[in-house]
Protein chains: 2
Amino acid sequence: MSKPFASVWLREPRKATSPGRSREEIVNAAVELLDEEGLNGLSMRKLGAKLSAGATSLYWYVANKDELLELAYDEVWGEMTISEPEVVGWRDAASTQAYSMRQAMLRHPWSADLLGRMPALGPNAIQVADRMRRMFKLAGFDGMDIDYAVGTLTAYVYGMTVPEIVWNAALSEHEYDPDEMRKLVATAVRDFPGMLERMNTDIYQDPQAVRAVAFDFGLVSVLDGLERRLVT
Amino acid sequence: MSKPFASVWLREPRKATSPGRSREEIVNAAVELLDEEGLNGLSMRKLGAKLSAGATSLYWYVANKDELLELAYDEVWGEMTISEPEVVGWRDAASTQAYSMRQAMLRHPWSADLLGRMPALGPNAIQVADRMRRMFKLAGFDGMDIDYAVGTLTAYVYGMTVPEIVWNAALSEHEYDPDEMRKLVATAVRDFPGMLERMNTDIYQDPQAVRAVAFDFGLVSVLDGLERRLVT
DNA sequence: ACCTGAACACCGTTCAAGT
DNA sequence: ACCTGAACACCGTTCAAGT
């Protein structure tokens, strides 16, 4: 109840000394393990083994597993790029940013899980937020509206990408067969005739392509909606 | 790799017989436990104890813990209401739907975590999707655009609400002191002068109010953006 | 048909002890 | 300063056995 707000980012890190392992090395190994085996694949013992160390030696560099995940999580944010809004204009920069967020998350599916578990307070996450603020400021937003715009765009990308990742994960556990999937979904949806309309589309033939179109549709809508805030 | 796509919703449930426990009873108890103690507070042993049963007797009703969570998750979707779009118009109905999604998730913070972990395939989730489709159809969307519109609105609400829940959870672990929080954030943000602008606003005095305004701002933007798809 | 307890293979984390 | 192994208190799940 009254213990202080805890996050790796609010503590000074142990200074890196030359010999032995480093926090950076550990985080890199953790990201690798997470990419290969998912969130459940990462245990302190496995990570220790990967570094040919005792499982508990990691606790010298990191207070606990959650801190380690915070550090790994921020690496994902570090992969998000943005073009300079000053040269390409804010709408282009916003689109680039949105696509790059989506791609970074898709590359590291475990980030979808962490997103719902811990706040993004790392330096990379903050840098992304800072860039987006500058972008929307340049667009003409003012005061708190800048933050609201950042929040809206970020929320859209999150909300679109997380279910995509979850869906990918569910599918990757077995061979994907469009017809079989169509039948399964038809079963789930049997009581809602309106939902059956979608059955005959090509969603199940090429889900990736459909999701890309869907992402575009929503992105354009969100950007149009934000642009509208500027003129009124 | 080649095991079939697994989800509670694609199996026939064991038919409820009169004596003994029921699946419904178990799910209710699970939701209660989740509300009280969060996702980590739910273990099969604890849930068993709550029902004064052996931990492993639950496996008669449910294949594993993930299935149980799927069932609990769908209960959250069951709490989302929508006004009839035919009487209030699609924009009003969409707003109501968005607020009610947000509220349902806020009432069950563990849903933020599940969202990034398993697809929502339960009957309640499907019913919500069906209602939203009808709503956007009435608005004038056509073909796949109906689904894209549903996806966009849903994504926005997710993406906005999940970080809100995560933030609430991080804060609820200690007494909230606006000034202390301001200082902590100032530390995290120290290298980004642009971010410091926000320091002097009232975000930290009344975060709840600010988040409500932020949600509105984005919701109006998203709906405006969707509306724009209709005229062009 | 339903429920049980023992057992297995895991966890994260603490801590005294080593170098 | 760094690393170790043993130990603790948990997990989810299986399964033979009970009623």
Side-chain angles (χ1 to χ4, degrees), chain A residues 3 6-8 11-27 29-30 33-34 36-73 110 113-114 117-118 169 173, chain B residues 3 6-8 11-27 29-30 33-34 36-73 110 113-114 117-118 169 173:
Chain A
K3 67 179 166 181
S7 168
V8 221
R11 299 194 299 110
E12 288 303 317
R14 230 174 255 284
K15 60 187 167 304
T17 49
S18 38
R21 279 164 271 277
S22 69
R23 175 181 272 200
E24 198 192 352
E25 200 184 340
I26 290 171
V27 173
L33 200 51
L34 287 164
E36 287 163 9
E37 308 198 25
L39 197 54
N40 289 336
L42 176 72
S43 75
M44 299 305 266
R45 287 172 225 259
K46 268 201 215 168
L47 183 57
K50 191 181 170 96
L51 293 161
S52 18
T56 58
S57 56
L58 305 173
Y59 284 87
W60 178 257
Y61 298 94
V62 131
N64 51 43
K65 193 186 179 185
D66 265 11
E67 270 203 12
L68 179 62
L69 290 174
E70 269 192 286
L71 292 161
Y73 184 24
W110 42 274
D113 214 327
L114 293 186
R117 188 178 307 201
M118 50 184 55
E173 276 160 21
Chain B
K3 66 178 165 179
S7 168
V8 220
R11 298 194 298 110
E12 289 302 318
R14 226 176 258 285
K15 59 188 171 301
T17 50
S18 37
R21 278 164 272 277
S22 69
R23 176 180 269 200
E24 197 193 351
E25 198 186 343
I26 291 170
V27 173
L33 200 51
L34 286 164
E36 286 163 9
E37 308 198 24
L39 198 55
N40 290 336
L42 177 72
S43 76
M44 298 305 265
R45 287 173 225 260
K46 266 200 217 169
L47 183 57
K50 192 183 170 94
L51 294 161
S52 18
T56 57
S57 56
L58 306 172
Y59 284 86
W60 178 257
Y61 298 94
V62 131
N64 52 40
K65 192 185 180 182
D66 265 10
E67 270 203 13
L68 179 62
L69 289 174
E70 271 191 285
L71 293 161
Y73 184 24
W110 43 274
D113 215 327
L114 294 186
R117 186 177 309 198
M118 51 184 54
E173 276 161 19

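Just so we're clear, the structure is a prediction, and the values are computed from it rather than from any experiment. Note on naming: letters A, B, ... go to the chains in the order of the sequence lines (proteins, then strands), and numbering restarts at 1 for each one.
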Who does C:dA17 pair with, Watson-Crick or G-U, both distances under 3.5 Å? none
So which one's nearest nucleotide on DNA chain C is more toward 5', A:Gly41 or A:Ala63? A:Gly41
Kindly point out which of D:dG12, C:dC11, C:dC3 is positioned nearest to the side chain of B:Lys65? D:dG12
By nearest heavy atom, map B:Ala55 and A:Leu42 onto DNA chain C; which one lands nearer the 5' end? B:Ala55
Length of the line joining B:Tyr59:OH and C:dG5:P, which is rounded to integer Å: 15 Å
Tell me what B:Leu51 touches on the nucleic acid: a base, only sugar-phosphate, or nothing, going by heavy atoms under 4.0 Å. nothing
For the pair made of CD in B:Glu67 and C1' in D:dG12, what is the distance, rounded to whole Å? 14 Å
Rounded to whole angstroms, how far apart are CG on B:Asn40 and C1' on C:dG12? 11 Å
Length of the line joining A:Arg45:CZ and D:dC3:P, which is rounded to integer Å: 18 Å
Base, sugar-phosphate, or nothing for B:Ala53, non-hydrogen atoms under 4.0 angstrom? sugar-phosphate
Complementary nucleotide for D:dC3 - Watson-Crick or wobble, under 3.5 Å: none
Base, sugar-phosphate alone, or nothing: which one does A:Thr56 contact when heavy atoms must sit under 4.0 Å apart? base
Please check this pair: side chain of A:Arg21 against backbone of A:Leu51, looking for a donor-acceptor N/O pair closer than 3.5 Å. yes
Quick one: is B:Trp60 getting a side-chain N or O under 4.0 Å of the C:dC2 phosphate, OP1 or OP2? yes
Just to confirm, is there a sub-4.0 Å distance from OP1 or OP2 of D:dC3 to any side-chain nitrogen or oxygen of A:Arg21? yes
Nearest-angstrom distance from the residue atom CG of A:Leu47 to P of C:dC11: 12 Å
If only side-chain N and O atoms of B:Ser57 are considered, is one of them under 4.0 Å from the OP1 or OP2 phosphate oxygen of C:dC2? no
Under 4.0 Å between a side-chain N or O of A:Tyr61 and OP1 or OP2 of D:dC3? yes
Could you please name the partner base of C:dC10, counting Watson-Crick and G-U wobble pairs only when both distances are under 3.5 Å? none
Let me know the distance between CG of B:Asn64 and P of D:dG12, rounded to the nearest Å. 11 Å
